[in-house]
Amino acid sequence: MTDATNLVEFVDDETPEVETDQDQNGVDDQVDDDGQEAEDDDSPSDDEEDDYEEVERGDKRYKVPKALKDDLLRQDDYTRKTQIHAEEVKRFQEKAAAFEAASEEVLQATIQARTIKDRLSAINALSDQDWRDVQLMDQQDGGDRYNKLVRELSTLPQKLSEAEALSKAKREEVISAQSEAQTKLIEQGQAILARDIPGWGPELGAKLVDFVKSEYGIDEQRHGAAFMDPALVKMAHAAFKAKEASRKNQTQQRADAIKKAVPAHVVKGGSTPKAGVHDGLSTEEFARRRNQQLAARGKR
């Protein structure tokens, strides 16, 4: 018989200064002794107009020295690139946060389903004697433990079904988001490779896979992420082209060495060399045979 105490536990589960144009005595430093506004000595004179150019900053145009124009344009370009980079970082952070939130939802849904399942299993494991003990405790202290357990047992299967369905849906959402992100990443990478590698396509890609596997022991199963990084693929392609060029160079060197080692007048297949003077002879052999012919005629 279950201990009554255990059954009870089971059931009763600072302000910045404003800058002004006045000095400490309250006198406007832009006004001279005669009360007239001081002239701006920094404005260019008519003779200096040719040394200035207009640049646009925001919605306004300003005259600046020509020597500074290129620097300002470079600064604008740097600022624009910095803003683009910042926007890309922000988008990445937003995606990372969304993925983290989705993963947290999956975890919570899984935990909820597991909790309900464990509770249902615990109630179903109660023996007939356990149920009688619960009723007895209710009679002794006027509790309602028995009825609560009955109601809980009747609702838990539906709750479990809903929790498991939610957990499955959350997991599928994360998997779909991962697949979509991976597909987009692959498409972007393929576009970069098609732009930067002449003749890029499935055939060349397969050659690179075989090359890095044989040369460096890298394969798609263990190093799949490397094949999705355009920079790494371009590095592999550069190594592949260098190896290919070296192999062709060695083949050509061997062919040249064989060509130099075999005389041009040697006939292939072991057949008897053709006698006399003919066009198939090298220059030296042609001259030697021709001299022999002339010498033989002289002796006659």
Side-chain angles (χ1 to χ4, degrees), residues 1-13 85-192 209 213 217-233:
M1 170 176 169
T2 305
D3 186 86
T5 302
N6 293 335
L7 283 173
V8 171
E9 292 178 352
F10 177 80
V11 178
D12 295 332
D13 239 327
H85 175 70
E87 291 173 358
E88 291 177 348
V89 170
K90 182 180 179 180
R91 284 195 296 270
F92 174 80
Q93 291 175 338
E94 289 175 348
K95 290 181 179 179
F99 177 76
E100 183 178 356
S103 300
E104 181 66 22
E105 290 179 357
V106 171
L107 179 61
Q108 293 296 334
T110 303
I111 292 175
Q112 179 68 11
R114 184 64 185 180
T115 301
I116 295 174
K117 186 175 182 180
D118 290 345
R119 179 62 176 174
L120 180 59
S121 298
I123 296 177
N124 284 327
L126 291 174
S127 65
D128 293 340
Q129 185 60 49
D130 292 330
W131 285 100
R132 286 193 292 270
D133 290 340
V134 172
Q135 285 181 313
L136 181 59
M137 286 188 291
D138 286 344
Q139 292 172 1
Q140 291 174 349
D141 60 14
D144 192 32
R145 303 176 185 87
Y146 183 89
N147 291 330
K148 286 182 179 179
L149 282 174
V150 171
R151 288 193 297 270
E152 188 176 6
L153 182 60
S154 66
T155 59
L156 282 178
Q158 179 64 27
K159 290 182 178 179
L160 177 59
S161 177
E162 294 174 354
E164 288 179 336
L166 178 61
S167 177
K168 181 180 178 181
K170 292 296 182 181
R171 287 197 304 271
E172 290 177 348
E173 286 179 8
V174 171
I175 293 173
S176 177
Q178 287 178 323
S179 178
E180 182 179 350
Q182 187 175 31
T183 299
K184 186 175 182 180
L185 186 63
I186 292 174
E187 291 175 350
Q188 292 174 342
Q190 290 295 317
I192 293 173
V209 171
K213 185 175 182 178
I218 298 175
D219 62 74
E220 291 180 290
Q221 297 298 326
R222 293 182 299 160
H223 311 91
F227 291 89
M228 298 177 62
D229 189 335
L232 296 179
V233 175

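Since we're looking at a predicted model, the values are computed, not measured. The chain is numbered in sequence order, starting from 1. Excluded from the calculations below are hydrogen atoms, water molecules and symmetry mates; all remaining heavy atoms, backbone and side chain alike, are included.
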Within this structure, what is the [atom1]-[atom2] distance for the pair [X] and [Y], rounded to the nearest 0.5 Å?
X	Y	atom1	atom2	result
Leu185	Gln190	CG	CD	10.5 Å
Glu173	Lys170	CD	NZ	5.0 Å
Glu105	Thr110	CD	OG1	11.5 Å
Ile123	Ser154	CD1	OG	9.5 Å
Arg119	Lys159	CZ	NZ	10.5 Å
Leu232	Ile218	CG	CD1	8.5 Å

Can you tell me if [X] and [Y] form a side-chain donor-acceptor pair at under 3.5 Å?
X	Y	result
Gln158	Glu162	yes
Arg171	Ser167	yes
Gln129	Arg132	yes
Gln112	Gln108	no

I'd like to check [X] versus [Y] (side-chain heavy atoms, cut-off strictly below 4.5 Å). Are they in contact?
X	Y	answer
Leu136	Tyr146	no
Val134	Leu126	no
Leu153	Leu120	yes

Taking [X] for the side chain and [Y] for the main chain, is one N or O donor matched with an acceptor at less than 3.5 Å?
X	Y	answer
Ser161	Pro157	no
Asp130	Ser127	yes
Thr155	Glu152	yes
Ser179	Ile175	no
Ser176	Glu172	no

Checklist line | Check ion pair Lys148-Asp138 (N to O, under 4.0 angstrom) | finding: no

Notebook entry, point to check: Hey, mind stepping through Arg145 and Asp133 against salt bridge (Lys or Arg N to Asp or Glu O under 4.0 Å) and telling me if it holds?
Noted result: CA-CA 10 Å; Arg145 303 176 185 87; Asp133 290 340; over 6 Å; no

Margin query: Using every non-hydrogen atom in the two residues, find where Gly189 and Pro230 come nearest and quote the distance to one decimal.
Written below: CA-CG, 3.6 Å

Next item on the list: Of all the heavy-atom pairs spanning Leu160 and Ala113, show the shortest one and how long it is.
Entry: CD1-O, 3.4 Å

